[in-house]
There are 2 protein chains.
Amino acid sequence: MSTKRKVYYCPVEFTLDQIAGKWKILIVLQLRFGAKRYTELIKKVRGITPKMLSQHLKDLEQQGIIHRQIFAEIPPKVEYSLTKEGEKLFPIIDSLAQWGSVNMEKEKGSEIV
Amino acid sequence: MSTKRKVYYCPVEFTLDQIAGKWKILIVLQLRFGAKRYTELIKKVRGITPKMLSQHLKDLEQQGIIHRQIFAEIPPKVEYSLTKEGEKLFPIIDSLAQWGSVNMEKEKGSEIV
DNA sequence: TATAATAGTTACCAACAGGAAAGTTTTGTG
DNA sequence: CACAAAACTTTCCTGTTGGTAACTATTATA
């Protein structure tokens with residue numbers, strides 16, 4: 001996600017720009033199962049690096065999709081959760097998951113674990 | 001889309017890999033309104049270059065999402081249309097469009113034309 | 001004083017997606 | 001023979017995305 005002001009003529013194009021990239025949707029997917037801490041996300045979002053995670057968490061917070069809550073504890077605790085706005089992405093995630101489940105099976109060498 | 005064999009553990013991740021990038025979904029979106037020729041697509045998919053269009057048309061054909069029909073005419077005529085498989089992407093496009101319509105309006109400086 | 005835990009940041013680098021501009025092929029028409 | 005039209009292809013270049021690895025800050029505990 002960039003901060004460039006761009007005029008969109010197409011809602012689909014707008015959405016694609018908002019959630020583009022390898023990680024945003026996968027992060028939201030994990031948060032769907034409940035609020036999570038930074039290190040939990042590192043473990044659950046397979047393959048994501050600290051840099052990518054914090055970068056995308058920042059973006060998502062600015063977009064109003066997730067909420068970041070800091071607990072005044074030692075050691076520090078920060079919890080990420082979906083906002084109401086974020087929950088509105090569920091239909092997108094569902095349709096992606098639906099299409100994926102059907103089409104993954106056609107691929108030789110892929111497994112569902 | 002790459003040809004690399006990759007094992008997927010998550011249907012959402014699989015789908016994202018299949019339709020990732022700036023153009024695939026926008027091409028499918030246009031073909032939803034009927035079969036189109038190459039030059040029509042160039043005009044309708046705002047901003048796409050010849051290179052990007054033919055590259056993604058090739059990918060989409062290999063993925064079984066679109067069908068390419070050549071007419072033996074002079075000058076040449078090639079028509080692209082969605083396959084049954086391609087039509088299964090409609091729910092994804094619909095959810096992207098839905099989210100986009102709602103959220104675009106919140107952006108100052110964006111207009112729907 | 002050294003270590004551990006959490007939540008990051010920073011610097012550097014590589015790969016790939018994408019863009020610009022020009023060229024290619026085929027045949028028909030003036 | 002030159003040009004037009006359709007459908008691409010090719011070359012070269014740039015910018016963004018993403019990856020690796022190391023480093024930082026804070027406080028508690030042994």
Side-chain angles (χ1 to χ4, degrees), chain A residues 1-6 8 10 12-13 16-28 30-31 35-63 66-81, chain B residues 1-6 8 10 13 15-28 30-31 35-63 66-81:
Chain A
M1 184 212 174
S2 68
T3 27
K4 283 174 219 150
R5 279 265 162 253
K6 184 173 163 186
Y8 290 93
C10 168
V12 174
E13 198 183 343
L16 289 175
D17 267 21
Q18 292 291 306
I19 63 175
K22 202 172 163 180
W23 300 115
K24 289 207 173 68
I25 286 288
L26 297 177
I27 293 169
V28 173
Q30 288 304 323
L31 294 181
K36 296 223 162 24
R37 304 174 63 169
Y38 184 86
T39 38
E40 288 181 276
L41 285 171
I42 289 274
K43 285 172 206 155
K44 296 271 183 178
V45 183
R46 277 172 185 267
I48 200 167
T49 59
K51 177 187 155 186
M52 283 297 109
L53 182 57
S54 43
Q55 185 174 303
H56 289 295
L57 286 173
K58 245 174 229 167
D59 284 352
L60 290 167
E61 198 192 352
Q62 282 189 352
Q63 291 170 275
I66 64 172
H67 174 69
R68 180 174 188 269
Q69 188 172 4
I70 310 166
F71 294 85
E73 300 179 5
I74 296 298
K77 176 174 173 180
V78 180
E79 236 182 39
Y80 296 92
S81 55
Chain B
M1 183 214 173
S2 69
T3 28
K4 282 174 219 152
R5 278 267 162 254
K6 184 173 163 187
Y8 290 93
C10 168
E13 198 183 345
T15 307
L16 289 175
D17 267 20
Q18 292 292 303
I19 63 176
K22 203 171 163 181
W23 300 115
K24 288 208 175 67
I25 285 288
L26 296 177
I27 293 170
V28 173
Q30 287 304 322
L31 294 181
K36 295 224 164 20
R37 304 173 63 170
Y38 184 87
T39 39
E40 289 181 275
L41 284 170
I42 289 274
K43 286 172 206 155
K44 297 271 183 180
V45 183
R46 277 174 185 267
I48 199 167
T49 58
K51 178 186 155 187
M52 282 297 110
L53 182 56
S54 43
Q55 186 175 302
H56 288 295
L57 286 172
K58 242 173 232 166
D59 284 354
L60 290 167
E61 198 192 352
Q62 283 190 352
Q63 290 170 276
I66 64 171
H67 173 69
R68 181 174 187 268
Q69 187 172 6
I70 310 167
F71 294 85
E73 299 178 9
I74 296 297
K77 177 174 172 179
V78 181
E79 237 182 38
Y80 297 92
S81 56

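On a predicted model such as this, the values are computed, not experimentally measured, just so you know. Chain A is the first sequence line, chain B the second, and so forth, proteins listed ahead of strands; every chain is numbered from 1.
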Asker: Would you say a side-chain N or O of B:Thr39 is under 4.0 Å from OP1 or OP2 of D:dA7?
Answerer: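 Result: yes.
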
Asker: Rounded to whole Å, please give me the gap between OH in B:Tyr38 and P in D:dA5.
Answerer: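 B:Tyr38 atom OH is separated from D:dA5 atom P by 17 Å.
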
Asker: Please find the pair of heavy atoms, one from A:Tyr8 and one from A:Asp17, that lie closest to each other, and give the distance.
Answerer: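 Looking at all heavy atoms of both residues, the shortest contact is OH-OD2, 2.6 Å.
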
Asker: Quickly work out the A:Ile70 CD1 to D:dT26 P distance and round it to whole Å.
Answerer: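 Answer to the nearest Å: 14 Å.
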
Asker: Return the minimal non-hydrogen interatomic distance between B:Tyr80 and B:Leu41, and the atom names on each side.
Answerer: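 So the two residues come closest at CD1-CD1, 4.2 Å.
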
Asker: Return the value, rounded to whole Å, for the distance between atom CG of A:Leu53 and atom C1' of D:dG18.
Answerer: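 In whole Å, D:dG18 C1' and A:Leu53 CG are 14 Å from each other.
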
Asker: Quickly work out the A:Gln69 CD to C:dT6 P distance and round it to whole Å.
Answerer: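 Between P of C:dT6 and CD of A:Gln69: 18 Å.
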
Asker: What distance do B:Thr15 atom OG1 and B:Gln18 atom CD have between them, rounded to the nearest 0.5 Å?
Answerer: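 Result: 7.5 Å between the selected atoms.
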
Asker: With a 4.0 Å limit, can you tell me whether B:Tyr80 has a side-chain N or O closer than that to the phosphate oxygens OP1/OP2 of D:dC8?
Answerer: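 Affirmative; the distance criterion is met.
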
Asker: Could you encode protein contacts along nucleotides 18-30 of chain C as a string, one character per nucleotide from 5' to 3', using B for base contact, S for sugar-phosphate-only contact and - for no contact, with a heavy-atom cut-off of under 4.0 Å?
Answerer: BBB------SS--

Asker: Look at all strands and tell whether B:Ser54 reaches a base, only sugar-phosphate, or nothing, counting heavy atoms closer than 4.0 Å.
Answerer: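 Touches a base.
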
Asker: Looking at D:dA7, I'd like to know if its phosphate oxygens (OP1 or OP2) sit under 4.0 Å from a side-chain N or O belonging to B:Arg37.
Answerer: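 Yes, because at least one side-chain N or O of B:Arg37 sits under 4.0 Å from OP1 or OP2 of D:dA7.
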
Asker: What's B:Phe71 touching, base or sugar-phosphate or nothing? Going by heavy atoms closer than 4.0 Å.
Answerer: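 No contact.
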
Asker: Could you check how far CG of B:Leu57 sits from C1' of D:dT9, rounded to whole Å?
Answerer: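 Taking atom C1' of D:dT9 as the reference, CG of B:Leu57 is at 14 Å.
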
Asker: Taking all non-hydrogen atoms of both residues into account, name the closest pair between B:Lys24 and B:Asp59 and its distance.
Answerer: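 Minimum heavy-atom separation between B:Lys24 and B:Asp59: NZ-OD2, 3.3 Å.
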
Asker: Below 4.5 Å, heavy atoms only, C-beta onward: do B:Leu16 and A:Leu26 meet side chain to side chain?
Answerer: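 Answer yes - side chains close enough.
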
Asker: Hey, does the side chain of B:Lys58 come within less than 4.0 Å of D:dC8's phosphate (OP1/OP2), counting only N and O?
Answerer: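 Looking at the OP1 and OP2 atoms of D:dC8, neither is under 4.0 Å from any side-chain N or O of B:Lys58.
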
Asker: In whole Å, I'd like the distance from the CG atom of A:Asp17 to the P atom of D:dT16.
Answerer: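 So the two atoms are 13 Å apart, to the nearest Å.
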
Asker: Check the distance between C:dA17's P and A:Leu16's CG and give it to me in whole angstrom.
Answerer: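 Computing the A:Leu16:CG to C:dA17:P distance gives 16 Å.
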
Asker: Please report the shortest heavy-atom distance between B:Met52 and B:Trp23, naming the atom on each side.
Answerer: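 That closest heavy-atom pairing would be CG-NE1, 3.7 Å.
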
Asker: Taking side chain to side chain contact (heavy atoms under 4.5 Å, CB included) as the definition, give me every residue that meets it alongside B:Lys58, ordered by chain and number, with sequence neighbours left out.
Answerer: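 For B:Lys58, no residue satisfies side chain to side chain contact (heavy atoms under 4.5 Å, CB included) once neighbours in sequence are set aside.
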
Asker: Could you tell me how far apart A:Ile42 (CD1) and C:dT9 (P) are, to the nearest whole angstrom?
Answerer: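 One finds 11 Å between P of C:dT9 and CD1 of A:Ile42, rounded.
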
